[in-house]
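Notes follow the structure.
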Amino acid sequence: MADDEEFQSSSNREEEEEEEEGSCFYFSDQYDEDDDDDVNEETVLEGLEDGAEEDCHWSVSSVITKESLLAAQKEDLRKVMELLVISEQHARTLLIHYRWDVERIFELLEQKGKERLFSEAGVTIIEGKGIDLSGSTSMYTCNICFEDVCSDVVTEMDCGHCYCNDCWTEHFIVKINDGQSRRIRCMAPKCDAVCDEAIVRNLVSARHPDIADRFDRFLLVSYIEDNNKVKWCPSVPHCGNAIRVEGDIYCEVECTCGRQFCFSCLLEAHSPCSCTMWELWKKKCHDESETVNWITVNTKPCPKCHKPVEKNGGCNLVSCICGQSFCWLCGGATGRDHTWTSISGHSCGRFKEDQAKRTERARRDLYRYMHYHNRYKAHTDSLKQESNLKETIQRKISISENKESRIKDYTWVMNGLTRLFRSRRVLSYSYPFAFYMFGDELFKDEMTPQERELKQNLFEEQQQQLESNVEKLSMFLEKDFQYFSDEEVMDTMRHVFNLSNVVDRLCKQMYQCIENDLLYPLQRATHNIAPYKSKGLERASELSLCWDSDQSLKGMKTSNEDSSAQCDSAADGVSNAGVNVPAAGKRTGLQFHGSSSSEDSGCFSQKRARRDGPGDAPLFDLNVPAEVVDKL
Amino acid sequence: MLDLSRVQKELVECNKDSDISGVTLTLHAGAADLTHLAGTITGPLGTPYEGGTFHIDIQLPSGYPFEPPKMQFITKVWHPNISSQNGAICLDILKDQWSPALTLKTALLSLQALLSAPEPGDPQDAVVAQQYLRDQPTFVVTARYWTETFAKRASVGIEEKVQKLVEMGFPEGMVRSTLELVNGDENMALEKLCSS
Ligand SMILES: [Zn+2]
Ligand SMILES: [Zn+2]
Ligand SMILES: [Zn+2]
Ligand SMILES: [Zn+2]
Ligand SMILES: [Zn+2]
Ligand SMILES: [Zn+2]
Ligand SMILES: [Zn+2]
């Protein structure tokens with residue numbers, strides 16, 4: 001009954017619209033089509049639940065510049081120093097060992113206790129040091145060079161091991177040159193203690209200031225390179241920035257230089273493809289371009305429908321699925337009676353049967369690939385027209401704005417255009433996704449053929465619906481609205497507005513379907529995708545640091561004086577928002593973002609929790625008749 | 001770069017108590033400097049290596065002792081952590097666990113200890129390791145046979161033959177491979193070396 005009513009009301013609305021549009025005289029041949037669109041838009045809008053909940057997998061990105069790198073590092077160092085009451089160098093050793101994951105250190109502190117936490121990272125704190133070196137006149141035998149040296153030229157490390165300065169220096173240089181600056185261990189056998197960075201710096205700079213500088217740089221960039229939540233921006237030439245992400249690391253980010261990328265694999269933003277899929281796809285596109293060339297050599301377009309037709313035997317009379325026969329040699333259309341025997345001057349029968357069978361499978365695979373690749377490419381190519389289309393529309397808008405009309409606001413056009421580009425992007429990447437999701441390459445054993453077919457059909461229906469709505473949106477946006485009457489403009493605006501909403505929600509729905517219904521159930525593999533961003537990728541914000549300026553920059557000598565000066569001022573600017581660090585061992589009161597996600601932080605292969613909320617329900621129902629949904 | 005004075009001290013120190021330790025360290029035959037040394041260890045008592053003397057080739061990198069020495073068995077030995085093909089050794093202190101405070105003598109003593117206590121979990125020679133784990137009796141027999149064949153009198157003799165042929169002007173590598181080819185027969189080796 002309720003359905004009837006709904007049907008009633010929507011058909012009423014249709015009639016009204018029909019009247020409205022009936023008074024229009026333009027595009028009479030599209031009139032009927034437009035009418036269908038209305039039904040589509042409306043019903044889709046009704047059918048789509050507005051997922052009020054935004055992403056559960058939230059992430060916030062911020063940009064770390066050359067200038068703010070030191071300050072960013074200092075902030076984490078300070079958190080650890082204050083909570084554990086340790087020196088900066090011990091904090092750094094801990095942070096390098098635990099990949100700059102402050103939350104994890106606090107977690108492990110509770111789990112393991114201070115002693116194990118320290119010893120596993122190579123932090124040794126011995127209260128009374130073993131050897132008394134105060135009487136500087138005594139002699140000491142160094143156990144490395146076997147020389148007797150004056151005790152004022154020997155150094156004892158925190159772990160209590162003591163050797164002559166020359167040997168220490170040599171050891172440090174070998175390790176720094178070997179790229180091990182971040183974790184230079186003590187020279188004693190089986191001693192895991194990490195050497196005091198101040199001692200390293202002092203001894204090395206006395207002999208090789210350039211190597212000491214390198215040591216400092218290594219420690220500085222450790223914050224980026226030994227940190228799962230910070231990555232260099234992949235721009236070329238490099239903009240000098242790194243991006244830090246808090247929360248979910250499966251996300252797409254935009255650097256302040258404008259470069260957009262997948263934070264997880266550093267390639268271009270590619271959702272709803274997973275990183276693995278995208279990597280494979282890129283490689284495949286590269287490898288197969290050769291094969292695609294083979295196709296262009298080995299197929300000819302049908303003179304009637306222009307589809308590529310492959311020669312299916314030795315005969316030079318080929319026929320297309322549309323029914324048209326044509327001559328392979330000249331490409332010209334032929335009648336049925338135009339057989340190979342009647343073509344003089346060439347011979348047949350060179351084609352070998354077994355070869356046909358052998359190439360059969362390869363050909364099927366290739367056609368499958370081409371099917372997805374063509375669609376992928378079509379949308380990618382459309383995206384390349386982005387700037388052209390923008391310009392054209394900008395021109396139309398300025399014409400419209402200057403004409404006599406009560407309509408002055410045309411922002412809906414640009415909004416619609418932005419939506420068009422975003423959804424085209426999704427659409428184009430959804431083809432490589434489908435190629436791998438329903439192909440044999442990655443998930444051969446994950447689904448039964450029946451399961452796969454069912455899932456594929458349901459996914460493709462969503463995909464097709466998105467595709468047709470995207471094309472419709474595109475069609476409305478390309479209309480010459482600058483010549484329209486106000487009414488017609490209003491009508492176009494309504495279509496663009498509705499279609500924008502529809503494609504936005506269809507995109508979102510597709511992501512949720514991929515995440516919850518397709519990727520989540522996988523047993524043998526873990527694939528994560530970046531969440532759908534209705535508003536597009538957010539640009540990374542400038543790093544806002546909270547720390548007190550007073551004890552800020554003690555002890556850290558950088559090779560770059562400028563940068564440390566900049567950091568000082570940056571620190572002054574935001575000094576009041578300091579983290580209130582409670583007594584050691586207590587975590588309450590510390591405001592760390594995304595603490596709930598710390599469990600899977602840094603582990604790339606881990607499976608994410610399934611999204612909760614409305615998205616949890618199977619999302620296939622949109623287009624599927626009720627009886628099919630019931631069977632799911 | 002190489003700390004020559006330390007190496008010289010090590011040479012003296014190591015040979016002080018060779019008869020007790022079962023470890024010797026000498027300059028390699030024909031070596032021009034201190035970077036190429038030769039060591040020997042005696043097979044530990046109560047193991048299939050007992051009674052054998054094992055020769056070890058020692059190369060010192062320029063960063064020694066801050067970089068580990070490169071050691072390799074010259075004498076063929078049947079052991080899970082030593083390649084039966086080329087004598088390469090899988091031992092942590094010769095890799096990332098090296099410490100400058102260790103010496104060539106301690107490294108040789110570690111090799112001796114390795115002969116007593118194989119670590120099949122971290123094998124250099126997968127075939128030997130498999131046999132060690134699955135069929136100890138056969139392993140012991142094979143290891144003892146190899147010790148008898150390669151690490152006893154004959155092999156001591158081999159070093160002398162090598163030195164003699166090297167001193168006649170043949171390259172060492174060629175001398176060794178030829179001697180191996182003819183099962184240590186000095187005359188046949190000389191014949192082959194002259195004809196090649
Ligand atoms: Zn020394
Ligand atoms: Zn130590
Ligand atoms: Zn950038
Ligand atoms: Zn990626
Ligand atoms: Zn055709
Ligand atoms: Zn034919
Ligand atoms: Zn023809």
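None of these values were measured; they are calculated from a predicted model. Values below: every heavy atom of this structure, side chains too, minus hydrogens, waters and symmetry copies. Chain naming here is simple, since letters A, B, ... match the order of the sequence lines and numbering starts at 1 in each.
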Using heavy-atom distances under 4.5 Å, tell me whether [X] contacts chain A through its side chain, its backbone, both, or neither.
| X | answer |
| --- | --- |
| B:Asp96 | backbone |
| B:Thr106 | neither |
| B:Pro65 | side chain |

So which bits of residues 5-16 of chain B come within less than 4.5 Å of chain A, counting non-hydrogen atoms only? B:Ser5, B:Arg6, B:Lys9, B:Glu10
On the 0 to 90° scale, with breaks at 30° and 60°, tag the A:Trp168-A:Tyr163 ring pair as parallel, tilted or perpendicular. perpendicular
Any idea how B:Phe139 and B:Tyr132 line up, ring-wise: parallel (<30°), tilted (30 to 60°), or perpendicular (>60°)? perpendicular
Is [Y] paired with [X] through a side-chain N to carboxylate O contact shorter than 4.0 Å?
| X | Y | result |
| --- | --- | --- |
| A:Lys175 | A:Asp178 | no |
| B:Arg176 | B:Glu172 | yes |
| A:Arg182 | A:Asp226 | yes |

Test of understanding: with side-chain contact (heavy atoms from CB on, under 4.5 Å), list the residues that count as partners of A:Asn177, not counting sequence neighbours. A:Ile173, A:Ile211, A:Arg214
With sequence neighbours left out, write down each residue that passes side chain to side chain donor-acceptor pair (under 3.5 Å) with B:Ser99, or none if nothing qualifies.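 Testing B:Ser99 for side chain to side chain donor-acceptor pair (under 3.5 Å), a comparison that skips the adjacent residues, returns none.
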Once side chain to side chain donor-acceptor pair (under 3.5 Å) is applied, do any residues pair with A:Thr141, and if so which ones, sequence neighbours excluded?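 Checked A:Thr141 against side chain to side chain donor-acceptor pair (under 3.5 Å); matches are A:Asp148.
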Pick from A:Cys186, A:Cys145, A:Cys167: which one has the most heavy-atom pairs with chain B under 4.5 Å?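 The residue among A:Cys186, A:Cys145, A:Cys167 with the greatest pair count is A:Cys167.
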